[in-house]
Amino acid sequence: MRKMKTGDEVIVIAGKDKGKRGTITRIITDQGRVIVENVNIIKRHVKPNPAKGIAGGIMEQEAALQLSNVMLYNPQSDKGERVGIRTLEDGRKVRYFKSTGEVVDA
């Protein structure tokens with residue numbers, strides 16, 4: 001079980017977008033990186049390709065962030081919190097916030 005999942009709301013804790021919040025859209029597991037919605041926007045110069053229907057120009061897109069530079073967002077405390085993994089009595093593994101002990105996955 002991973003500490004971060006697609007669809008989690010995270011907060012950036014380091015880099016040029018420090019303090020921004022967004023949702024994880026993709027996780028690149030072999031590189032330890034995540035792509036967060038509307039965070040770490042870069043400009044990419046793209047050549048036109050009529051066969052694929054791609055118009056050329058300068059495109060803006062999200063670049064990957066290092067997984068260690070994001071924390072899971074806790075709405076109760078309104079900040080990023082550390083996450084652990086715990087096994088419940090019925091054998092399920094769930095994520096929980098280390099500061100409060102509150103379970104993230106219901």
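FYI, the numbering just counts along the sequence from 1.
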Review item, side-chain donor-acceptor pairs of residues 60-70, under 3.5 Å, at least two apart:
{"residue": "E62", "atom": "OE2", "partner": "N38", "partner atom": "N", "Å": "3.1"}
{"residue": "Q66", "atom": "OE1", "partner": "R33", "partner atom": "NH1", "Å": "2.8"}

Under 3.5 Å, which donor-acceptor pairs link side chains of residues 16-24 to any protein atom two or more places apart or in another chain?
{"residue": "D17", "atom": "OD1", "partner": "K20", "partner atom": "NZ", "Å": "3.2"}
{"residue": "D17", "atom": "OD2", "partner": "N40", "partner atom": "N", "Å": "2.6"}
{"residue": "R21", "atom": "NE", "partner": "E9", "partner atom": "OE2", "Å": "2.8"}
{"residue": "R21", "atom": "NH1", "partner": "Y73", "partner atom": "OH", "Å": "3.0"}
{"residue": "R21", "atom": "NH2", "partner": "E9", "partner atom": "OE2", "Å": "3.4"}

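M59 shares a hydrophobic cluster with V46, I54; the chain of contacts runs through ILVMFWY side chains whose heavy atoms sit under 4.5 Å apart. Taking Ile, Leu, Val, Met, Phe, Trp and Tyr as hydrophobic and joining them when side-chain heavy atoms fall under 4.5 Å apart, one finds I13 in a cluster with I11, M71.
Listed by first then second residue, pairs satisfying salt bridge (Lys or Arg N to Asp or Glu O under 4.0 Å) with a partner in residues 63-75 number zero, not counting sequence neighbours. Residues in residues 63-77 take part in no salt bridge (Lys or Arg N to Asp or Glu O under 4.0 Å) pair, two or more places apart or across chains.
Partners of D30 according to the salt bridge (Lys or Arg N to Asp or Glu O under 4.0 Å) rule, which considers only residues two or more places apart in sequence or in another chain, do not exist here. Among residues two or more places apart in sequence or in another chain, the side-chain hydrogen bond (donor to acceptor under 3.5 Å, both in side chains) test is passed with S77 by E81. Residues forming a side chain to side chain contact (heavy atoms under 4.5 Å, CB included) with Q76 (at least two apart in sequence, or on another chain): N74, E102. Annotation: side-chain hydrogen bond (donor to acceptor under 3.5 Å, both in side chains) contacts of T25 (sequence neighbours excluded): none. For N49, there are no side-chain hydrogen bond (donor to acceptor under 3.5 Å, both in side chains) partners two or more places apart in sequence or in a different chain.
Tracing side-chain contacts under 4.5 Å through hydrophobic residues (I, L, V, M, F, W, Y), one never reaches Y96 starting from M4; they form parts of separate clusters. Under a hydrophobic-cluster definition in which Ile, Leu, Val, Met, Phe, Trp and Tyr are linked whenever side-chain heavy atoms come within less than 4.5 Å, directly or via other members, I27 and I35 are assigned to different clusters.
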Under the salt bridge (charged side-chain N to carboxylate O under 4.0 Å, His left out) rule, what do D8 and R95 come out as? Steps first, then yes or no, please. CA-CA 12 Å; D8 283 345; R95 298 178 298 163; 2.6 Å; yes

